[in-house]
Novice: 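Questions regarding the structure given below will be posed in turn.
Heavy atoms only: backbone and side chains are in, while hydrogens, waters and symmetry mates are out.
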Amino acid sequence: MTADGHKARPYMIFHKMGVIMRRLLFPLLVPCLLGAPLAAEESSSLTATAIRAEDMRTRLAWFASDEMRGRDTISPEAVTASDWIAAEWRKHGVLPKGTNGYFQPFVVPQPVLKDGNALSVTDDDGTQAYAVEKDWNPFSLTASGEAEAEVVFAGYGINAPGERYNYDDYAGIDVKGKIVLVFRKNPGWREVRHASFTAKLNQAAKQGAAALLLCNNPATSDEAKRDAVGHWSANLGSPAGSGPIPYAFISQDIARRLLKPTGKTLHELEAALRKQGPQSQTLPGVEVKLRTALATVEEANARNVVGFLPGRDPACAQDVVVLGAHYDHVGLGLFGSTGGPAAAGKIHNGADDNGSGTIALMELAEWFSKGENRPRRSLLFIAFTGEERGLLGSRYYVDNPTVALADIVLMLNMDMVGRSREGRVQVGGVGTAKGLKDLVAAENKPHDLNITWDPQGTAPSDSTSFFRKGLPVLFFFTGLHPDYHRPSDDIEKINFADMERIVHLCRDVAHEIGEREDRLVFTRPPPRKRPPTLGVFPAREPDAHGILIDRVVPGGPAEKAGMQSADVLVSIAGESLRDVRTLRRVLSKLQAGKTVPVVVRRDGEEITLKVTLTTRRGRR
């Protein structure tokens with residue numbers, strides 16, 4: 001026992017000896033290190049078995065580099081990452097436990113751009129063809145088909161008659177059999193329902209259009225400082241290919257050519273739409289030929305990586321402790337980015353999310369691979385993919401396990417463990433087994449981390465998939481930050497010193513659970529206290545400044561405070577908001593009946609409102 005009552009395990013003594021030796025030898029090694037830069041593929045071979053901040057930095061420097069292009073679930077770089085994980089495990093003697101060696105392949109439903117997509121414009125200047133994936137893209141929900149017809153400009157493509165708006169871009173104009181061109185967004189209304197991509201498509205089809213073309217409205221491209229054409233793989237909330245007519249996102253350059261007969265610029269047309277109302281008109285002498293071709297992938301295009309270390313005690317080696325982390329991120333930000341249109345197409349390196357958790361998993365696998373470190377129970381290491389698309393990899397694993405779920409003692413999940421400040425870390429799931437919180441607290445004594453406890457088994461990460469199967473879980477997490485799902489989540493912002501302490505704690509907790517006499521007994525935590533509500537419905541469309549509000553609940557606290565549809569939530573009670581996940585977390589810390597400052601962005605200016613929160617009744 002140590003002075004504080006903590007068990008002195010042999011590996012802890014070896015670790016302390018290693019620290020002393022490194023301090024003695026480091027001055028002698030510096031000249032050699034400075035004269036021998038490491039290639040990325042060689043760096044991991046020089047890491048030590050001991051869990052060290054410098055090793056984690058070495059591994060993460062490659063894993064979260066631009067070379068990996070954000071590790072989107074179905075990208076070639078995700079395959080590269082999974083190959084590297086498997087090779088590392090093979091090197092350290094971790095056994096394969098997937099369905100195909102180390103890999104567990106599965107299908108992520110995804111549109112596939114087929115050959116044959118084409119768009120050309122014919123006018124008085126002749127015919128010009130435009131390049132798909134450069135000048136235009138089909139939307140993911142487009143119908144596959146062809147349309148060739150004259151073009152009608154229909155403003156924002158909105159039909160909203162009635163007392164509230166009394167606005168109809170289709171009034172007095174026949175679009176049957178025509179190709180319709182519309183702007184993105186709406187005339188500046190404080191609501192976004194009519195502005196959605198799907199709503200515009202459905203309205204055009206209802207009006208009898210043969211196809212729909214959409215371009216960025218000038219206000220959107222001006223704010224983003226670029227004309228970003230939506231990608232064909234972007235998920236709009238509907239299955240790929242489910243739309244009624246061909247639907248394409250075109251560049252403003254194409255739109256300018258189509259709209260040349262109006263005699264107005266795009267900015268002039270939008271100004272007229274917002275001040276005078278609909279400007280719909282046929283574009284004489286302009287024809288478009290459009291062909292869209294998308295399919296849905298049917299073959300496996302993603303894979304978990306699964307490794308296994310048998311326990312050293314045959315009497316309980318059938319019991320398994322799972323250690324997991326997801327290795328995918330949001331790629332180039334074409335979906336899942338919180339950076340808005342300006343971030344689309346930029347590499348999102350995901351150093352914290354979840355390069356940090358992946359590297360922690362690699363360190364643990366290497367450490368446990370040494371015989372003297374092996375606990376009595378077996379260990380299963382899983383690097384999940386598809387987490388960013390809805391826990392796809394972990395959900396697939398628990399539905400298709402490679403070890404019996406009944407043999408799993410606990411799943412320990414590491415997601416975003418690299419941005420601790422002053423040793424702070426959140427540990428979720430401590431209410432999912434008897435005595436689990438006390439166990440973690442005891443193992444934390446030598447590490448002295450500042451832990452925030454959460455008894456719940458559900459969280460927006462892979463441990464949730466195991467909890468829903470009735471298994472104990474732990475979730476280690478250092479919190480959200482302004483770089484979450486943005487191109488700025490880079491290695492320079494990782495706190496490796498605290499990350500080392502957190503990985504040591506994860507190691508000790510896993511070792512203790514694998515070593516103790518009794519299995520953990522699953523318990524269901526008490527129901528989560530329902531947070532208060534603002535009374536708003538967030539929009540699906542991301543916003544660079546915060547959370548775009550689709551609707552405000554009549555009579556709710558937001559409406560009473562003066563909040564409006566199309567406002568952008570920037571912060572609540574001084575805490576910045578990036579997406580619905582952060583909104584939930586902030587609200588969970590507050591109490592009904594409390595009045596808090598809420599900053600919203602409206603017409604380019606920030607306004608502070610005083611909102612009195614009320615009891616939650618199913619709305620945010």
Novice: Which heavy atom of Ala317 sits nearest to which heavy atom of Gly311, and what is that distance?
Specialist: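 Result for this residue pair: CB-O, 3.9 Å.
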Novice: Does the side chain of His447 come under 3.5 Å of the side chain of Asp508 through a donor N or O and an acceptor N or O?
Specialist: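 Note: His447 and Asp508 side chains meet the donor-acceptor criterion.
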Novice: Measure across Lys346 and Pro487 and return the closest heavy-atom pair with its distance rounded to 0.1 Å.
Specialist: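 The answer is CB-CG, 4.0 Å.
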Novice: Assess the residue pair Arg377 and Asp313 against the criterion (salt bridge (Lys or Arg N to Asp or Glu O under 4.0 Å)); give the C-alpha distance rounded to whole Å, side-chain angles, the decisive distance to 0.1 Å, and a yes or no.
Specialist: CA-CA 7 Å; Arg377 293 182 172 86; Asp313 185 351; over 6 Å; no
Novice: If you take all heavy atoms of Ala50 and Asp55, which pair is closest and at what distance?
Specialist: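 Result for this residue pair: O-OD2, 3.7 Å.
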Novice: Indicate yes or no: does Arg389 engage Asp72 in a salt bridge with an N to O separation below 4.0 Å.
Specialist: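 Result for this pair is yes, salt bridge flagged.
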Novice: What is the distance from atom OG of Ser461 to atom CZ of Phe475, rounded to the nearest 0.5 Å?
Specialist: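 The distance works out to 4.0 Å.
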Novice: Scan Leu323, Val473, Asp462, Val322 and name whichever one has a side-chain contact (heavy atoms from CB on, under 4.5 Å) with Asn413.
Specialist: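 When side-chain contact (heavy atoms from CB on, under 4.5 Å) is applied between Asn413 and each of Leu323, Val473, Asp462, Val322, only Asp462 qualifies.
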Novice: Please check if the number of heavy atoms outside Arg226 that lie under 6.0 Å from its CZ is greater than 12.
Specialist: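 Enclosed.
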Novice: Looking at Tyr484, does the NZ or CZ of Arg578 lie under 6.0 angstrom from its six-membered ring centre and within 45 degrees of the ring axis?
Specialist: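 So Arg578 doesn't make the cation-pi contact.
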Novice: To check you understand the geometry: which heavy-atom pair defines the closest contact between Ala365 and Val94, and what is its length?
Specialist: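 That would be O-CG2, 4.1 Å.
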Novice: Looking at Glu54 and Arg52, is any side-chain nitrogen of the basic one under 4.0 Å from a carboxylate oxygen of the acidic one?
Specialist: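 Yes, charged N to carboxylate O under 4.0 Å.
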Novice: Between Arg312 and Glu515, does any side-chain N to carboxylate O distance fall below 4.0 Å?
Specialist: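 Salt bridge between Arg312 and Glu515, a charged N being under 4.0 Å from a carboxylate O: yes.
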Novice: Grab the two heavy atoms, one from Asp448 and one from Arg501, that are nearest each other, plus how far apart they are.
Specialist: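 Heavy-atom minimum between the residues: O-NH2, 2.9 Å.
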Novice: Under a plain distance cut-off of 3.5 Å, with no hydrogens placed, do His348 and Ser337 share a side-chain donor-acceptor pair?
Specialist: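 Indeed, the side chains of Ser337 and His348 share at least one donor-acceptor pair under 3.5 Å.
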Novice: Aromatic rings Phe467 and Phe522: how do their planes relate, parallel, tilted or perpendicular, breaks at 30° and 60°?
Specialist: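 Ring orientation of Phe467 relative to Phe522: tilted.
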Novice: Show your working on side-chain contact (heavy atoms from CB on, under 4.5 Å) between Asp353 and Asp489 and close with a plain yes or no.
Specialist: CA-CA 8 Å; Asp353 187 13; Asp489 182 6; 3.8 Å; yes
Novice: Relative to the ring of His485, is the ring of His329 parallel (under 30°), tilted (30 to 60°) or perpendicular (over 60°)?
Specialist: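 Judged by the thresholds at 30° and 60°, the geometry between His329 and His485 is perpendicular.
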Novice: When rounded to the nearest 0.5 angstrom, what distance separates OG in Ser369 from CH2 in Trp89?
Specialist: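 These two atoms lie 12.0 Å from each other.
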Novice: So, Ser356 and Asp352: side-chain donor and acceptor under 3.5 Å apart, yes or no?
Specialist: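 Judged by distance alone, the side chains do pair up.
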Novice: What orientation do Phe466 and Tyr397 show, parallel under 30°, tilted 30 to 60°, or perpendicular over 60°?
Specialist: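 Parallel.
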Novice: Just verifying a value: how many Å separate Ser488 OG and His481 NE2, rounded to the nearest 0.5 Å?
Specialist: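 With rounding to 0.5 Å, OG (Ser488) is 8.5 Å from NE2 (His481).
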Novice: Could you tell me whether Arg507 and Glu363 have a side-chain N and a carboxylate O separated by less than 4.0 Å?
Specialist: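 No, no charged N to carboxylate O under 4.0 Å.
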Novice: Within a reach of under 6.0 Å around CZ of Arg69, are more than 12 heavy atoms found that belong to other residues, nucleotides or ligands?
Specialist: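 Atom CZ in Arg69 is not packed in, count stays at 12 or less.
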Novice: Please report the C-alpha distance between Trp84 and Trp62 in whole Å, then the side-chain angles of each, then the deciding distance to 0.1 Å, and finally whether the side-chain contact (heavy atoms from CB on, under 4.5 Å) criterion is met.
Specialist: CA-CA 11 Å; Trp84 173 74; Trp62 170 76; 3.5 Å; yes
Novice: Hydrogens and angles aside, do Asn349 and Asp66 bring a side-chain donor and acceptor to less than 3.5 Å of each other?
Specialist: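 Present: a donor and an acceptor within the cut-off.
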Novice: As an exercise, state the distance from OG of Ser233 to CD1 of Ile74, rounded to the nearest 0.5 Å.
Specialist: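 Rounded to the nearest 0.5 Å, the OG-CD1 separation comes out at 6.5 Å.
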Novice: Could you walk me through whether Leu361 and Phe381 satisfy the side-chain contact (heavy atoms from CB on, under 4.5 Å) test, starting with their C-alpha distance in whole Å, then the side-chain angles of each, then the deciding distance to 0.1 Å, before giving a yes or no?
Specialist: CA-CA 7 Å; Leu361 183 68; Phe381 301 92; 3.9 Å; yes
Novice: Given the rule in the side-chain contact (heavy atoms from CB on, under 4.5 Å) test, do Asn304 and Phe103 qualify, once you have shown the distances and angles that lead to the verdict?
Specialist: CA-CA 6 Å; Asn304 296 323; Phe103 305 118; over 6 Å; no
Novice: Cut-off 3.5 Å, side chains only: do Ser420 and Thr478 have a donor facing an acceptor?
Specialist: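 There is no such pair between these side chains.
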Novice: Going through the checks in order, is the salt bridge (Lys or Arg N to Asp or Glu O under 4.0 Å) test met by Lys469 and Asp399?
Specialist: CA-CA 9 Å; Lys469 294 292 185 179; Asp399 288 339; 3.0 Å; yes
Novice: Give a yes-or-no answer on whether the side chains of Thr73 and Asp328 include a donor-acceptor pair shorter than 3.5 Å.
Specialist: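 Indeed, the side chains of Thr73 and Asp328 share at least one donor-acceptor pair under 3.5 Å.
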Novice: Which heavy atom of Pro375 sits nearest to which heavy atom of Leu379, and what is that distance?
Specialist: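 Minimum heavy-atom separation between Pro375 and Leu379: CD-CD1, 3.9 Å.
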Novice: Is it true that Glu366 and Arg59 have a side-chain N and a carboxylate O under 4.0 angstrom from each other?
Specialist: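 Result for this pair is yes, salt bridge flagged.
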Novice: Taking the side chain as every heavy atom from C-beta outward, state whether Pro538 and Leu548 have any atom pair closer than 4.5 Å.
Specialist: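 Result no, sub-4.5 Å side-chain heavy-atom pair not found.
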Novice: Return the set of residues passing side-chain hydrogen bond (donor to acceptor under 3.5 Å, both in side chains) with Ser571 (not counting sequence neighbours), or none when no residue passes.
Specialist: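 Residues passing side-chain hydrogen bond (donor to acceptor under 3.5 Å, both in side chains) with Ser571: none at all.
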Novice: Thinking salt bridges, do Lys91 and Glu88 make one under a 4.0 Å N-O criterion?
Specialist: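 Looking at Lys91 and Glu88, the cut-off is met.
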Novice: For Lys434, does the NZ atom sit with more than 12 other heavy atoms under 6.0 Å from it, leaving out its own atoms?
Specialist: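 Not buried by this count: 12 neighbours or fewer within 6.0 Å.
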Novice: Just wondering, are more than 12 heavy atoms of other shown residues or ligands nearer than 6.0 Å to CD in Gln591?
Specialist: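 Counting other residues, nucleotides and ligands, CD of Gln591 stays at 12 neighbours or fewer.
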Novice: With side-chain contact (heavy atoms from CB on, under 4.5 Å) as the test, pick out the partner of Val305 among Ile85, Thr385, Asp83, Ile382.
Specialist: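 Testing each of Ile85, Thr385, Asp83, Ile382 against Val305, the sole residue satisfying side-chain contact (heavy atoms from CB on, under 4.5 Å) is Ile85.
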Novice: Run the salt-bridge test on Asp483 and Lys493 with the 4.0 Å N-O cut-off and return the result as yes or no.
Specialist: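 Yes, Asp483 and Lys493 are salt-bridged.
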Novice: Between Arg486 and Thr338, do the side chains contain an N or O donor and an N or O acceptor separated by less than 3.5 Å?
Specialist: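 Note: Arg486 and Thr338 side chains meet the donor-acceptor criterion.
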Novice: Any chance you could measure Cys506, atom SG, to Met499, atom CE, to the nearest 0.5 Å?
Specialist: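 So the gap between those two atoms works out to 9.5 Å.
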